[in-house]
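In each ligand, atom 1 is the first atom listed, and ligand 1 is the first ligand listed.
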Amino acid sequence: MLGERDAKTFCEFFAGIGLVHEALRRSGWQCVYANDIDPKKRAMYEGNYGAAASDHYHLGDVWAAEEVLARIPGRPFLATASFPCTDMSLAGKRAGLKGEQSGALFGFLQVLERLEERRPRMVLLENVPGFLTSHGGADFATAIDELAALGYWLDSFVIDAQWFVPQSRPRLFLVGYQEDLVGRPLIVKRADGVDSLASPWHEAVLRADWIRPSRLRTAMESIEPATGWATVDCDNPAARRSALNNYIDLDGHEWWNAKENSRHFDMMFDRHRRQIEMLRDDRGPAVALTGFRRVREGKQRLEVRFDGLAGCLRTPRGGSAKQVVIVIDRGEVRMRWMTPREYARLQGAGDYVLPENTIQGLFGFGDAVCVPVIEWIDRRVLTPVFEAWAAERSPAADLRVAAKQPMTSVR
Ligand SMILES: C[S@@+](CC[C@H](N)C(=O)[O-])C[C@H]1O[C@@H](n2cnc3c(N)ncnc32)[C@H](O)[C@@H]1O
């Protein structure tokens with residue numbers, strides 16, 4: 001039996017509505033501390049997990065280090081941080097880590113530093129792919145240097161939610177491992193500059209080529225953390241998603257009236273309108289599509305997707321961030337806004353208890369992680385690393401070690 005100090009525990013920073021928790025609890029991780037600054041998200045977390053389960057949720061600024069440190073019990077094995085992406089995107093004017101929002105990463109790093117001997121053995125950071133290119137790659141390199149200075153060996157990958165659910169949502173991940181985890185299943189890159197393309201690290205990185213686009217591989221080749229790079233030979237995800245129709249309520253709901261429908265029909269590009277008319281005139285079974293309203297060349301447009309995916313869910317700041325559902329069903333075209341329940345399903349959390357307020361629900365899910373993505377990372381990377389470490393510390397391992405020791409003779 002493993003002692004409490006060896007438990008599969010984690011802290012969820014920038015916890016929001018707790019979808020990292022949702023993914024990790026499925027394999028037995030226990031959340032011992034969660035932190036976010038947003039009371040509405042905490043209310044959603046509590047509504048879903050219950051008041052008792054959310055006792056560990058600390059509503060407060062990550063920069064309030066004293067308070068954060070005092071509330072983290074013992075030494076959690078893992079800390080996750082899906083820090084704000086606002087400054088990594090064009091909408092945030094790409095202030096990057098200098099921005100007030102995305103700069104909260106430094107608040108998290110400060111907590112890691114001050115945890116000292118209680119520092120988690122493993123960290124998982126999440127952000128948009130713009131993190132890789134922000135300030136010409138300098139922000140990504142800074143994050144790596146800072147983590148390496150805290151003793152973490154590093155790995156990185158980009159995973160798109162569309163390999164698991166019908167939602168386009170690529171996200172960049174950084175994983176860090178403390179020195180005492182280095183060993184199987186981690187494969188390290190040789191730090192002496194003679195690592196060749198045939199080395200086990202390169203082979204593992206190249207095998208998982210979907211999750212390491214060339215731009216990321218180039219960054220990983222050019223940045224040399226003071227610790228080093230370490231990876232798990234996890235291969236590519238198997239890409240098994242089901243159809244958008246299964247995530248959208250095809251009937252029911254308040255569909256727009258004829259006037260609102262035709263207003264949105266008029267907003268479409270001609271080629272999109274023609275495709276919808278063809279589907280309508282086929283009079284076939286229901287087909288669900290999604291679209292976003294955007295201003296293009298000074299004109300409001302409804303851009304429809306025909307690739308079987310929903311666009312990346314976002315927080316509903318203004319009409320352009322809300323997603324439109326279009327159902328073409330036996331000669332009829334129906335339209336409406338996407339609902340919080342559909343958002344929840346597209347984030348892989350279809351049973352999540354929703355708040356009464358629709359906008360609050362859309363906000364929570366628009367900012368959240370996609371559960372099956374985190375589950376995949378957990379199954380392929382986090383849990384194998386934890387289990388290898390725990391196995392080394394089990395009584396059986398002690399017995400194995402003892403068996404190899406020469407017996408002291410009893411006189
Ligand atoms: C990308 S969201 C993370 C969502 C989360 N992973 C989920 O599944 O719901 C970033 C979160 O960081 C929180 N945040 C922003 N600045 C913060 C700060 N200074 N301290 C603590 N939390 C902060 C926001 O309220 C937001 O919920």
Side-chain angles (χ1 to χ4, degrees), residues 10-26 29 31 33-49 54 56-69 71-72 78-89 91-92 95 97-112 123-131 159 161 165 167 169-174 312-317 321 340 343-344 346-350 352-355 360-375 377-378:
F10 76 104
C11 292
E12 185 180 8
F13 286 84
F14 310 100
I17 65 169
L19 292 201
V20 171
H21 180 173
E22 182 57 41
L24 295 185
R25 72 181 183 148
R26 295 179 183 183
W29 287 97
C31 184
Y33 173 82
N35 171 261
D36 201 287
I37 207 168
D38 185 339
K40 290 187 176 146
K41 290 191 178 167
R42 189 194 186 281
M44 277 181 73
Y45 189 100
E46 186 170 317
N48 185 61
Y49 296 112
S54 65
H56 56 252
Y57 199 113
H58 170 206
L59 185 67
D61 197 325
V62 71
W63 283 107
E66 291 299 331
E67 215 182 314
V68 176
L69 295 175
R71 293 188 58 156
I72 296 175
L78 164 71
T80 68
S82 43
F83 62 103
C85 59
T86 337
D87 300 302
M88 300 293 176
S89 63
L97 292 181
K98 289 199 172 75
E100 200 185 322
Q101 297 287 318
S102 298
L105 172 65
F106 293 112
F108 168 68
L109 293 170
Q110 178 189 227
V111 169
L112 290 181
V123 289
L124 174 71
L125 274 57
E126 183 248 12
N127 212 283
V128 293
F131 178 29
I159 301 192
V165 292
Q167 182 200 173
R169 193 179 189 84
R171 287 292 181 267
L172 177 77
F173 294 89
L174 253 177
C312 185
L313 301 179
R314 296 187 250 156
T315 50
R317 293 182 178 88
Y343 268 52
L346 285 166
Q347 294 288 43
Y352 196 97
V353 179
L354 296 177
Q360 196 180 323
L362 300 181
F363 236 96
F365 285 103
D367 245 359
V369 296
C370 184
V371 173
V373 171
I374 305 294
E375 260 191 294
I377 296 172
D378 179 31

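- Scored by the salt bridge (charged side-chain N to carboxylate O under 4.0 Å, His left out) test, Arg26 finds Glu22, Glu375 as partners (sequence neighbours excluded).
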Please tabulate, line by line, the atom pairs linking an N/O of ligand 1 to a protein N/O at a distance below 3.5 Å, with the distance in Å to 0.1, or answer 'none'.
residue  : atom   : partner : partner atom : Å
ligand 1 : 6 (N)  : Ser82   : OG           : 2.6
ligand 1 : 8 (O)  : Leu19   : N            : 3.4
ligand 1 : 8 (O)  : Val369  : N            : 3.4
ligand 1 : 9 (O)  : Ala15   : O            : 3.4
ligand 1 : 9 (O)  : Ile17   : N            : 2.9
ligand 1 : 19 (N) : Asp61   : OD1          : 3.0
ligand 1 : 20 (N) : Val62   : N            : 3.0
ligand 1 : 22 (N) : Ile37   : N            : 3.3
ligand 1 : 25 (O) : Asp36   : OD1          : 2.6
ligand 1 : 27 (O) : Asp36   : OD1          : 3.4
ligand 1 : 27 (O) : Asp36   : OD2          : 2.7
ligand 1 : 27 (O) : Lys41   : NZ           : 2.9

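- Leu24 CG to Thr80 OG1: the interatomic distance, rounded to the nearest 0.5 Å, is 6.5 Å.
- Scored by the salt bridge (charged side-chain N to carboxylate O under 4.0 Å, His left out) test, Glu46 finds Arg42 as partners (sequence neighbours excluded).
- The CG atom of Asn127 sits 8.5 Å away from the CG atom of Leu105 when rounded to the nearest 0.5 Å.
- Here the closest heavy-atom approach between residue Tyr49 and residue Gly18 is recorded as OH-O, 2.7 Å.
- Listed by chain and number, the residues in a salt bridge (charged side-chain N to carboxylate O under 4.0 Å, His left out) with Arg171 are Glu126 (sequence neighbours excluded).
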